[in-house]
Amino acid sequence: MNVLVINAGSSSLKYQLLDVDTREVYAKGNCERIGIEGSFIGHEENGSGKQKLEVALPDHKTAIDHVFEILENVPQKVDGIGHRVVQGGWYFPESAIVDEDVLAKVREVAPLAPLHNYAEADVVEICRNKFPELGNVIVPDTAFHYNMPEYAWRYALPRDVCDKLHIRKYGAHGTSHRYIWRATKQFLGDDVHKLVSLHLGSGASLCAIEDGRCKDTTMGLTPLDGLIMGTRCGTVDPATVFFLSREGGYSIDEIDTMMNKQSGLLAVSAKSNDSRDIEDGAAEGDEKCQMALDMFYYRTAQLTAEMVCSMEGVDTMVFTAGIGENSDVMRQGVMDRLAWLGIKIDPTKNAVRSDEPRVISTDDSAIKVLVVPTNEEYMIALDVAELLSK
């Protein structure tokens with residue numbers, strides 16, 4: 001089956017057409033700056049080089065129309081469409097074939113992820129109207145975390161408030177964490193049972209996975225919770241919000257913007273939200289960049305220990321996503337903080353870059369540490385193939 005995977009953001013739309021059986025990617029691209037001046041589409045297909053098409057993209061409908069127009073020149077036909085949905089809310093413990101009820105529920109839970117869910121729902125509706133003969137499947141990022149133990153997802157707030165507003169830990173990056181479990185299990189076989197997945201990118205989260213089931217994760221009601229990220233502050237004292245409002249005079253919207261877009265590595269380093277720039281700055285003696293790295297190492301190690309606690313043990317740790325896959329400096333820094341667990345990293349193995357899963361720990365390390373490139377698009381495509389084949 002050839003599946004078109006679509007990932008619609010607030011001002012972007014990524015797409016990939018791939019064969020579920022062979023994993024061959026026939027075409028992929030991204031529509032950038034939707035609704036903003038200077039919009040364009042980057043596209044590549046069947047191994048050819050990247051093309052940049054400068055086109056006006058006033059809205060997501062125009063963007064998806066362009067995508068389907070581009071894909072008309074690709075010889076492989078589309079058999080089904082999979083949509084990444086950031087927030088499945090209280091409705092979706094797993095992926096679902098789209099009908100009117102499913103689409104309505106994606107919109108109903110959108111206040112939990114307003115920058116994403118509304119755009120994603122619009123794109124799903126456009127695809128259904130444009131190609132009614134094709135099945136559409138939503139794959140919520142939150143689904144993998146839906147059935148974690150209640151003591152892990154429940155907040156200690158009044159029950160009536162939580163029930164009325166559906167407040168709980170939802171997590172994120174679930175499709176990536178689920179793929180990491182699958183790929184690591186295939187790679188190691190029966191040697192993996194208690195795994196900590198470290199999805200470290202501009203957005204970052206950890207997940208404790210015991211025999212395929214999520215036991216806990218670091219993101220909460222929203223993706224702001226947990227780790228320090230590129231521009232997100234991660235976990236802070238909740239009273240910080242009240243203090244900023246009362247003493248600083250900041251509005252709720254200003255605090256929201258501050259914590260999501262002006263904080264994290266960007267704020268601490270006073271240089272960049274890109275870890276590569278921060279690593280370069282630290283190497284040149286920039287103390288603020290070094291502090292950003294130290295805080296990231298410390299917080300990641302600290303929350304890794306929380307994930308280990310949720311499973312009462314660990315046998316495997318896996319780094320993935322942009323930073324996790326590409327920065328040997330970050331991996332070493334985090335693992336040095338966890339050396340007390342008996343972890344030993346082989347510097348030579350850690351320095352290697354590869355598109356394949358690989359072990360970077362020493363043979364005598366108490367815990368196996370790997371780097372496994374994530375593939376959310378393939379995971380989404382698998383769900384589409386499974387559901388539409390029933």
Side-chain angles (χ1 to χ4, degrees), residues 6-10 82-125 128 135-179 181 197 199 203 205-210 212-226 232 234-235 238 241 252 256 259-260 306-307 310 376 379-380 383-384 386-387 390:
I6 297 175
N7 180 357
S10 57
H83 301 265
R84 179 210 180 201
V85 171
V86 167
Q87 179 57 259
W90 52 96
Y91 284 123
F92 299 106
E94 55 191 8
S95 302
I97 298 174
V98 179
D99 57 20
E100 290 302 323
D101 180 59
V102 166
L103 191 55
K105 287 174 177 174
V106 171
R107 288 200 167 100
E108 184 181 343
V109 303
L112 290 168
L115 294 180
H116 294 87
N117 268 49
Y118 288 118
E120 289 156 357
D122 288 345
V123 170
V124 173
E125 186 170 31
R128 293 184 76 217
N136 285 260
V137 172
I138 63 158
V139 181
D141 264 2
T142 53
F144 185 57
H145 309 302
Y146 188 93
N147 289 313
M148 74 176 91
E150 183 175 353
Y151 54 74
W153 64 254
R154 179 171 287 281
Y155 289 142
L157 293 169
R159 281 181 175 267
D160 59 334
V161 174
C162 292
D163 293 344
K164 179 181 178 181
L165 298 176
H166 304 285
I167 296 172
R168 59 163 282 173
K169 177 185 280 194
Y170 287 103
H173 296 142
T175 306
S176 174
H177 291 306
R178 183 160 58 104
Y179 175 81
W181 169 262
S197 173
H199 180 109
S205 71
L206 309 182
C207 185
I209 309 171
E210 184 172 353
R213 182 187 177 193
C214 171
K215 301 290 285 186
D216 202 353
T217 189
T218 54
M219 285 181 169
L221 176 73
T222 75
L224 183 59
D225 198 11
R232 296 176 187 147
T235 301
V241 176
I252 291 299
D256 191 340
M259 290 186 166
N260 276 288
E306 286 189 18
M307 296 299 101
S310 72
E376 293 165 283
M379 199 75 245
I380 292 171
D383 284 5
V384 174
E386 180 182 354
L387 288 173
K390 290 182 178 178

Next item on the list: List for me each residue that meets side-chain hydrogen bond (donor to acceptor under 3.5 Å, both in side chains) alongside Asp99, sequence neighbours excluded, and say none if there are none.
Entry: none
Check: If you take all heavy atoms of His199 and Ser176, which pair is closest and at what distance?
Finding: ND1-OG, 2.8 Å
Check: Under the salt bridge (Lys or Arg N to Asp or Glu O under 4.0 Å) test, which residues partner Arg107, sequence neighbours left out?
Finding: Asp122, Glu125
Item checked: Minimum heavy-atom distance Cys214-His145, with the two atoms named -> SG-ND1, 3.3 Å
Next item on the list: Tell me, please, which residues at least two apart from Ser95 pass side-chain hydrogen bond (donor to acceptor under 3.5 Å, both in side chains).
Entry: Asp383
Notebook entry, point to check: If you take all heavy atoms of Arg213 and Phe144, which pair is closest and at what distance?
Noted result: C-CZ, 4.5 Å
Note to self: Testing the basics here: between Thr217 and Leu206, what is the closest heavy-atom pair and its distance to 0.1 Å?
What the structure shows: OG1-O, 2.7 Å
Notebook entry, point to check: With a 4.5 Å limit on heavy-atom distance, are the side chains of Val85 and Asn117 in contact?
Noted result: yes
Item checked: Lys105: salt bridge (Lys or Arg N to Asp or Glu O under 4.0 Å) partners, not counting sequence neighbours -> Asp101
Checklist line | Contacts of type side-chain hydrogen bond (donor to acceptor under 3.5 Å, both in side chains), residue His177, not counting sequence neighbours | finding: Ser197, Ser205
Kindly list each side-chain donor-acceptor pair under 3.5 angstrom involving residues 149-159, sequence neighbours excluded, with atom names and distances?
from	atom 1	to	atom 2	distance (Å)
Glu150	OE2	Arg154	NE	2.7
Glu150	OE2	Arg154	NH2	3.1
Tyr155	OH	Leu221	N	3.0

Item checked: Asp141 backbone acceptor or donor facing His173 side chain under 3.5 Å -> no
Checklist line | Those residues that, when tested against Thr142, pass side-chain contact (heavy atoms from CB on, under 4.5 Å) (two or more places apart) | finding: Gln87, Pro140, Tyr170
Notebook entry, point to check: Has the side chain of Glu120 got a donor or acceptor atom that lies under 3.5 Å from a matching backbone atom of His83?
Noted result: no
Item checked: Which residues share a salt bridge (Lys or Arg N to Asp or Glu O under 4.0 Å) with Arg232, sequence neighbours left out -> none
Check: What pairs with Arg128 under salt bridge (Lys or Arg N to Asp or Glu O under 4.0 Å), at least two apart in sequence or on another chain?
Finding: Glu100
Notebook entry, point to check: How close do Gly220 and Asp225 get, heavy atom to heavy atom, and via which atoms?
Noted result: N-CB, 3.5 Å
Item checked: Partner residues of Asn147 under the side-chain hydrogen bond (donor to acceptor under 3.5 Å, both in side chains) criterion, sequence neighbours left out -> none
Notebook entry, point to check: What is the minimum heavy-atom distance between Phe92 and Gly88, and which atoms define it?
Noted result: CD1-O, 3.3 Å
